[in-house]
Number of protein chains: 2
Amino acid sequence: MAERRRRKRLNDRLSMLRSIVPKISKMDRTSILGDTIDYMKELLERIGKLQEEEMEEGTNQINLLGISKELKPNEVMVRNSPKFDVERRDLDTRISICCATKPGLLLSTVNTLEALGLEIHQCVISSFNDFSMQASCSEAEEQRNCMNLEEIKQALFRNAGYGGKCL
Amino acid sequence: MAERRRRKRLNDRLSMLRSIVPKISKMDRTSILGDTIDYMKELLERIGKLQEEEMEEGTNQINLLGISKELKPNEVMVRNSPKFDVERRDLDTRISICCATKPGLLLSTVNTLEALGLEIHQCVISSFNDFSMQASCSEAEEQRNCMNLEEIKQALFRNAGYGGKCL
DNA sequence: TGCGACACGTGAGCC
DNA sequence: TGGCTCACGTGTCGC
């Protein structure tokens, strides 16, 4: 009587579950519940990964804007010291500059790079507080062989108004 | 006997389900299944939203790099025509350029901006295919009043090697 | 013949 | 008290 209706409700829910869960190994009652559990765990895992990616995307955007604060606590004191990094990859040469800003610094830096035979392909600049520039350049093969990284570094360093040797 | 073990298995799965699903209205068997269904739907919805956001983030990054393809089909023919936009906001002046690239274009563009009294604060550049530049500049108050957007636009236009009037 | 899964009816416990 | 949920034992069907 009433028990009959109760059983029907329960079976209805069970078939709803079976219709939602994609992976159904057997039509078995226990298997349905087991597959449901597995599927839910899988969904939770996917959500975790997606949220993680979302976080990374956020920090990536910040880095793209060149506002990367380099938050490692033990580097706080070094943060404001000028940084001139030049790195050669397979296809391009990466320039990374962070130093005190001054009028015309961007112009003279671009000028220096062009003079050095470095053609800027992609570049992100920020000069709100410090002057920051991340550039990806192409460099003629001959050039790569005759000029070393330290020379480029020195040229950028001098251009930014720092007299002596680079760090 | 055997039926007893079978029932136990089913009940175990049921309590596993109850331990995973956070929203438990009643300890009721039917309610547990119902809540499980609701929770799974909620998870699916969240996954859908996260993936949607992921897509948007992707296109945002592309836009940040200035490679925005402006994919509206009816604008395909316009895509390669040069674009020089200048826009004044409250605090800054936004420059958006997309045109054919040529050697030294970045240098001369930066030069032109400086000559116009525009100080670049943030800037993203790409010159893989077309030359693309999105810049956020500051401009002296006096300057804002005496030079209009069209003049800046024309200067950039001429600098990029286009002779006549801008679009 | 046994084994596993299911539905059924029933009694117990709980508001 | 009636209404409910659950566990139990049992009968049935299919492999």
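In the text below, chain A, chain B and the rest are named by the order of the sequence lines, each starting its count at 1.
Computed from coordinates, the B:Leu10 CG to C:dC6 C1' distance equals 11 Å when rounded to whole Å. Spacing between atom CZ of B:Arg4 and atom P of D:dC6 amounts to 18 Å, rounded to whole angstrom units. What separates CZ of B:Arg7 from C1' of D:dT10 is a distance of 10 Å, to the nearest Å. Atom-to-atom, CE of B:Met27 to C1' of D:dC4 comes out at 17 Å; the value is rounded to the nearest Å.
The side-chain hydrogen bond (donor to acceptor under 3.5 Å, both in side chains) test applied to A:Glu87 returns A:Arg89, not counting sequence neighbours. Partners of B:Asn159 under the side-chain hydrogen bond (donor to acceptor under 3.5 Å, both in side chains) rule, at least two apart in sequence or in another chain, are B:Ser108, B:Thr109, B:Thr112. Listed by chain and number, the residues in a side-chain hydrogen bond (donor to acceptor under 3.5 Å, both in side chains) with B:Arg46 amount to none (sequence neighbours excluded). With sequence neighbours excluded, no residue forms a side-chain hydrogen bond (donor to acceptor under 3.5 Å, both in side chains) with A:Asn148.
Residues in residues 93-112 of chain A take part in these salt bridge (Lys or Arg N to Asp or Glu O under 4.0 Å) pairs, two or more places apart or across chains: A:Asp92-A:Arg94. The salt bridge (Lys or Arg N to Asp or Glu O under 4.0 Å) analysis of residues 8-35 of chain B, with sequence neighbours excluded, yields the pairs B:Lys8-B:Asp12. Among residues at least two apart or in separate chains, ring-ring contact (aromatic ring centres under 6.0 Å, His included) pairs with a member in residues 97-124 of chain A are A:His121-B:Phe128.
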All N/O contacts under 3.5 Å from nucleotides 2-5 of chain C to the protein, with atom names and distances to one decimal?
{"from": "C:dA5", "atom 1": "OP1", "to": "A:Asp28", "atom 2": "OD2", "distance (Å)": "3.4"}
{"from": "C:dA5", "atom 1": "OP2", "to": "B:Arg9", "atom 2": "NH2", "distance (Å)": "3.0"}

Tabulated below should be each protein N or O lying under 3.5 Å from an N or O of nucleotides 13-15 of chain C; please produce it.
none

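Hydrophobic clustering places A:Val110 together with A:Met147 (ILVMFWY residues linked when any side-chain heavy atoms are closer than 4.5 Å, directly or through intermediates).
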